[in-house]
Every structure is written in C-alpha cells, then in structure tokens.
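I have placed the structure first, in the form of structure tokens, so that the comments after it can refer back to it.
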Amino acid sequence: MSTSKSVSVKNLVKTFEGAGGRKVTAVNNVSLTIEPGEFVTLLGPSGCGKTTILRMVAGFENPTGGDVLIGGERVNTLTPDRRDTAMVFQSYALFPHLNVFENVAYGLKIKKMKSDDIRAKVMNILALVGLSDMEGRSPNQLSGGQQQRVALARALVMEPAVLLFDEPLSNLDAKLRIHMRREIRKIQRQFGITSIYVTHDQAEAMSMSDRIIVMNKGVIEQVGTPKEIYATPASQFVADFIGTANMIPSTVLSCGNGEAEIETLGTRFRVKTGLSLQPGDAVKLIVRPEAVSLSRNSGIPAEIASSVFMGSYQDYVLSAHGQTLLIIDSDPANHETFDAGEKVFLGIAPNKLHIVK
Ligand code: ATP
C-alpha cells in the first residue's frame, strides 16, 4: 500500500453552463485540507456541490479556478490515473462481462503486473472484503451489497493514497447500509488510507467520519468532528440539517467576553458564544430534544401537547411561551412520564445552550 497522503483544495471554483447558457456556480471558492489517513465526509443536500468537489479531486472534472493538491503536489493538470486516487461509485460501475476476480484484477493487468502477483493481491483483497468464495461469479449473480464490496476491492487493490467515495451505499437497503458503513470504516482504518466520502445522509456522515464538512449551495457551512457539528452548529442550516433541533427565537440583552445574555421563552439565559453580537440582535437558541428535562415543580412553564412511548425513549411535543418544542426523554423507565394536557416545567441543561444568528 502506498503511504496515505494529504488532500488540499485551495480556492476551488467550478462553474457549469446551465440551461439557456446561464452560469451555475457549483463550487464557490472552497478551501480545505484533509490530513493523511483521515476519513472526511462531504455532507449536504442535493446540488450543494459535493460530488463536483470529489470529481475535481479525482481529475474527472477540471476546476474553473483554484488548485487541488495531493500529498502537497499540485495535480490540476494530471489525468485521473496519475493522481494516486481511486473512486468507489454509487452505481458500482463493475464490468458486467467480467467475473469478480477479473473485475478486481483489471487495473493491475493494465499496469502489466505479473499474473502470480495479481492473483495473490486480488485474493488477499477479496478475503478482506468477505468475498473469497465468489471470485468466479459474474456481477449479476451478486447482491447489491456484494457488488459494492467488489467495487471497494477494485479500488483498494490499486493501493491508492486516497480513496474517494461517491454515495457508495445509496442503492443498498437500510440494514445493509448500516452494516457496510462499519465495514468500510474498518477497512479504511486498517489501511490508514485518506478517504473523502460524499453523502447526503447525515447518519452516515455522523457514524463514519473523523470530520464532517457541511456544504450548502457551493460553499462550506462548517467543518468539525461529528460531536462539534452536533453540539455547536455554526448556522441554522447546519442545526437543521444534522439531527433534530428546536430553534427558539431569542433576543440578545447584553454580550461580551465570549458570553451573551439572551431573553427567550419568557426567561433569561447566559450562553457562551463566539458570535459577535449587539444588544437587541435576534438570534436562535438551539436546543436539542434530549437537552431538556421535565418536572412538576420548577423551570419554564409548559404544556404537553403529545406524549408517545417509543420503547427506548418517550417522545414529547409541548408548548412553552407560544413556542412548540420537540423533547425526548431517553430514559423513560427511570423518569416520571407525562401525558398530553399536563402542565409541566422544563429545564435546559446550561452546558447545552448554544445560539446561532
Ligand atoms: P447530489 O447529491 O444530487 O449529487 P451534489 O451536492 O453532489 O448533489 P453536484 O453534483 O456537485 O451536487 O452539483 C452541484 C451543482 O452543479 C448542481 O446545481 C448541478 O445541477 C450542477 N452541475 C453538476 N454537474 C453539472 C454539469 N456537468 N453540467 C451542468 N451543471 C452541473
């Protein structure tokens, strides 16, 4: 395996000619660096530009502006086969007339490797992805998950410095998708191979990534670990896109020294924040459903609108100070539960308070 390499893109821009000659800016001045061995996800809604970035790193698309660097070397003018990357596609893109072995061996044959060496390498990789006994099958004799493993094996066998994944699990059923997330991550760790993974599935991004890059309309909204992105989203877009968030309208009363006092839900909170704010500014308090506790005695008055037992958690909708909030009690067996119509009080964990503009 070649040593894994860093990937950087600097001020990357891609414009396409859209319908009627109108210019579409798919990627708008994006800069980021992915460290050697890191698993990074590009996450965002359809059309936000994530696939276009991946394709520019691979060399399938030329940037309109900016640079792509792999292992510190500018690769803008290199063809895909000279970039030390391999791509795993959503559609698998297997050769239908070749069997599993031949599909995986294809790239090595092109490289004119000796056939004994090819056999050893291919069988080794097939064992790794759990397909040792299927070398003679043709792709149409395989399930979707097995086909995707062949596609993964075909990429890995080339021993690239960087693996690129373009929504590789989208065509699989939900259960297999979850299984394959773990498999891909396990193999990626084993090889220590730098990986860029494109998905619009936030659970996939959360469960697999060292860092997530959240994109919207061709620009980066936030870069962070899954925990950072969940706990301290940088914008309403990120808060809404990752997990469930109550976004409660609030007014800034005072601010300074990395803190703000805000008024919301008829009460006042002190919140740590990096935002630059003025008294009177409107902000949103981001409250995750599990950050709220309910009680009968003290806190912000609220009324339960619905209460549903979901097995491992209790799901509440309630109204407080004219706002509708979604609340989850993740340990209902050990807490008092409340019914629709009941008056309660809510408390928000102080260390879970976070505001966005
Ligand atoms: P998806 O999840 O739907 O693939 P994405 O975030 O990967 O979305 P891109 O495929 O990168 O988005 O596309 C970004 C924008 O660029 C979209 O508006 C898309 O329509 C446009 N686009 C992409 N490729 C082309 C092309 N070859 N010609 C014209 N426009 C394009």
Side-chain angles (χ1 to χ4, degrees), residues 7-34 39-70 75-76 79-80 83 85-93 144 148 151-152 155 162-174 177-178 180-181 184 194-209 211-224 226 229 233-243:
V7 177
S8 297
V9 302
K10 291 198 173 144
N11 306 109
L12 204 59
V13 175
K14 181 70 188 181
T15 55
F16 290 108
E17 188 110 338
R22 211 172 38 87
K23 278 209 163 30
V24 178
T25 304
V27 176
N28 193 356
N29 201 21
V30 166
S31 298
L32 60 98
T33 294
I34 296 147
F39 191 106
V40 165
T41 304
L42 294 171
L43 173 69
S46 181
C48 70
K50 50 200 190 299
T51 301
T52 304
I53 292 180
L54 199 73
R55 291 174 59 79
M56 286 192 279
V57 172
F60 298 136
E61 209 76 75
N62 287 321
T64 312
D67 290 323
V68 177
L69 290 91
I70 298 179
V75 295
N76 290 38
T79 50
R83 291 194 180 197
T85 61
M87 177 100 101
V88 182
F89 298 91
Q90 178 178 353
S91 57
Y92 320 137
Q148 193 52 290
L152 182 60
V162 180
L163 264 182
L164 306 171
F165 295 90
D166 189 6
E167 309 229 15
L169 306 182
S170 306
N171 291 344
L172 305 180
D173 68 49
R177 222 156 48 212
I178 291 169
M180 286 299 288
R181 281 179 201 165
I184 288 178
T194 313
S195 300
I196 311 180
Y197 190 102
V198 162
T199 183
H200 59 264
D201 181 332
Q202 49 123 349
E204 210 163 282
M206 292 288 277
S207 63
M208 297 180 82
S209 316
R211 282 190 304 157
I212 299 175
I213 294 155
V214 185
M215 292 198 58
N216 185 25
K217 296 183 183 153
V219 299
I220 293 178
E221 288 264 338
Q222 187 169 7
V223 180
I229 300 252
S235 62
Q236 292 186 41
F237 175 83
V238 176
D240 195 34
F241 197 74
I242 309 280

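None of the values given here were measured: they were computed from a predicted structure. Counting convention: from 1, in listed order, for ligands and their atoms alike.
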Residue, atom name and distance, where the atom is the protein heavy atom closest to [atom]:
atom: atom 15 (C) of ligand 1; answer: A26 CB, 3.6 Å
atom: atom 3 (O) of ligand 1; answer: S46 OG, 2.6 Å
atom: atom 26 (C) of ligand 1; answer: F16 CD2, 3.4 Å
atom: atom 14 (C) of ligand 1; answer: G47 O, 3.4 Å
atom: atom 11 (O) of ligand 1; answer: T52 OG1, 2.5 Å

(Q) Could you go through Q148 and V88, starting from their C-alpha distance and side-chain angles, then the distance that decides it, and tell me whether this counts as side-chain contact (heavy atoms from CB on, under 4.5 Å)? (A) CA-CA 8 Å; Q148 193 52 290; V88 182; 3.3 Å; yes

Q) With respect to atom 2 (O) of ligand 1, which of H200, K50, K14 exhibits the smallest heavy-atom separation? A)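 Result: the heavy atom closest to atom 2 (O) of ligand 1 is in K50.
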
**Q.** Nearest candidate to atom 7 (O) of ligand 1, where distance is taken over non-hydrogen atoms, out of V27, T51, T199
**A.**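 Comparing heavy atoms across V27, T51, T199, the nearest one to atom 7 (O) of ligand 1 lies in T51.
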
Numbered atoms of ligand 1 (with element) below 4.0 Å of [X], judged on heavy atoms:
X: C48; answer: 5 (P), 6 (O), 12 (O)
X: E167; answer: 2 (O)
X: P45; answer: 6 (O)

Nearest 0.5 angstrom please: [X] [atom1] to [Y] [atom2], how far?
X: K23; Y: F16; atom1: NZ; atom2: CZ; answer: 12.0 Å
X: I242; Y: Q222; atom1: CD1; atom2: CD; answer: 8.5 Å
X: T51; Y: F89; atom1: OG1; atom2: CZ; answer: 11.0 Å

Q.
With a cutoff of 4.0 Å, is G49 in contact with ligand 1, counting heavy atoms of the residue only?
A.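 The answer is yes, since G49 has a heavy atom less than 4.0 Å from ligand 1.
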
Q.
Can a donor-acceptor pair be found, under 3.5 Å and without considering hydrogens, that links the side chain of Q90 to the backbone of N171?
A. no

Q: Tell me yes or no: between the side chains of E167 and Y197, is some donor less than 3.5 Å from an acceptor?
A: no

Q. Any luck finding a side-chain donor-acceptor pair between S235 and E221 under 3.5 Å?
A.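 Yes - a donor-acceptor pair under 3.5 Å links their side chains.
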
Q | Sub-4.0 Å protein heavy atom near atom 19 (C) of ligand 1 | A | no

Q: Take V68 and L12 through the test side-chain contact (heavy atoms from CB on, under 4.5 Å) and record every step on the way to the result.
A: CA-CA 8 Å; V68 177; L12 204 59; 4.0 Å; yes

